[in-house]
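Worksheet: the structure to be examined is printed underneath.
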Amino acid sequence: MKGNEHNSKFLLTHREREVFELLVQDKTTRDIAGLLFISEKTVRNHISNVMQKLNVKGRSQAVVELIKLGELII
C-alpha cells in the first residue's frame, strides 16, 4: 500500500479527489490539467477511474454519488 493507508475509509485517491473538487468548481479538463500540472489525458483517466469505482456513466452522476457518499463536500 502507498500513502493512502490512513485514508482507507475513503473511496477516492488524493489526486482523484483533487480532480473532482476542481470539476465541481466548473473547471474544464484543460483547466484541471494546468492547475495540477498533469496532462488532460491523465485528468480524463482519473475521472474514468472514479466513474468505474462508482459504476456510473457520467461526470455529473459521479459528482452526485460522491456527494451522497460524503466523499465530496460542496
Side-chain angles (χ1 to χ4, degrees):
M1 287 206 221
K2 292 193 178 169
N4 257 12
E5 289 171 314
H6 64 283
N7 280 345
S8 58
K9 65 182 182 185
F10 295 116
L11 181 65
L12 302 182
T13 66
H14 178 72
R15 185 58 99 184
E16 289 167 347
R17 186 176 320 282
E18 287 178 318
V19 167
F20 271 84
E21 285 172 349
L22 291 168
L23 262 184
V24 298
Q25 295 172 35
D26 285 334
K27 302 292 186 205
T28 65
T29 301
R30 177 173 286 169
D31 293 337
I32 295 168
L35 289 164
L36 298 180
F37 305 102
I38 57 179
S39 72
E40 290 180 51
K41 171 89 170 105
T42 301
V43 172
R44 288 191 298 273
N45 286 343
H46 286 307
I47 293 166
S48 177
N49 290 342
V50 171
M51 291 187 325
Q52 281 185 324
K53 286 180 186 182
L54 297 171
N55 197 26
V56 297
K57 299 243 186 290
R59 295 174 179 205
S60 300
Q61 200 177 352
V63 168
V64 169
E65 287 302 312
L66 290 169
I67 292 166
K68 281 186 194 173
L69 293 168
E71 289 280 336
L72 268 183
I73 316 286
I74 58 165

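Atoms considered below: every heavy atom in the structure, side chains included; atoms not considered: hydrogens, waters and symmetry mates. Along the sequence shown, the residues carry numbers beginning at 1.
- In this structure the side chain of Ile32 reaches within 4.5 angstrom of the side chain of Leu23, judged on heavy atoms.
- Separation of atoms CG (Leu66) and CD (Gln61) is listed at 11.0 Å; rounding is to 0.5 Å.
- The line from CG of Leu35 to CD of Glu18 is 10.0 Å long, rounded to the nearest 0.5 Å.
- Applying the side chain to side chain contact (heavy atoms under 4.5 Å, CB included) criterion to Asn45, with sequence neighbours excluded, gives Lys41.
- Residues that satisfy the side chain to side chain contact (heavy atoms under 4.5 Å, CB included) test with Ile74, not counting sequence neighbours, are Val24, Ile67.
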* To do: For side-chain contact (heavy atoms from CB on, under 4.5 Å), just list the numbers for Val19 and Val50, CA-CA rounded to whole Å, side-chain angles, deciding distance to a tenth of an Å, and then say yes or no.
  => CA-CA 10 Å; Val19 167; Val50 171; over 6 Å; no

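- Looking at residues two or more places apart in sequence or on another chain, you find no salt bridge (Lys or Arg N to Asp or Glu O under 4.0 Å) involving Lys57.
- Listed by chain and number, the residues in a salt bridge (Lys or Arg N to Asp or Glu O under 4.0 Å) with Arg59 amount to none (sequence neighbours excluded).
- Of all non-hydrogen atoms in Met51 and Ala62, the two that sit nearest each other are CG-CB, 4.0 Å.
- Residues Ala33 and Ser39 share a closest heavy-atom pair of CB-C, 3.8 Å.
- By the side chain to side chain donor-acceptor pair (under 3.5 Å) test, Gln25 pairs with no residue at all, sequence neighbours left out.
- One finds the CG atom of Leu12 at 6.5 Å from the CG atom of Leu72 (value rounded to the nearest 0.5 Å).
- With rounding to the nearest 0.5 angstrom, the CD1 atom of Ile38 is 4.5 Å from the NE2 atom of His46.
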* To do: Quick one: do Lys53 and Thr13 satisfy side-chain contact (heavy atoms from CB on, under 4.5 Å)? Show the steps, please.
  => CA-CA 11 Å; Lys53 286 180 186 182; Thr13 66; 4.2 Å; yes

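- Partners of Leu69 by side chain to side chain contact (heavy atoms under 4.5 Å, CB included), not counting sequence neighbours, listed by chain and number: Leu11, Leu54, Glu71.
- Taking CD1 of Ile47 as the reference point, atom CD of Gln52 lies at 13.0 Å (rounded to 0.5 Å).
- Minimum interatomic distance between Val56 and Glu65 (heavy atoms only, all atoms of both residues): CG1-CG, 3.8 Å.
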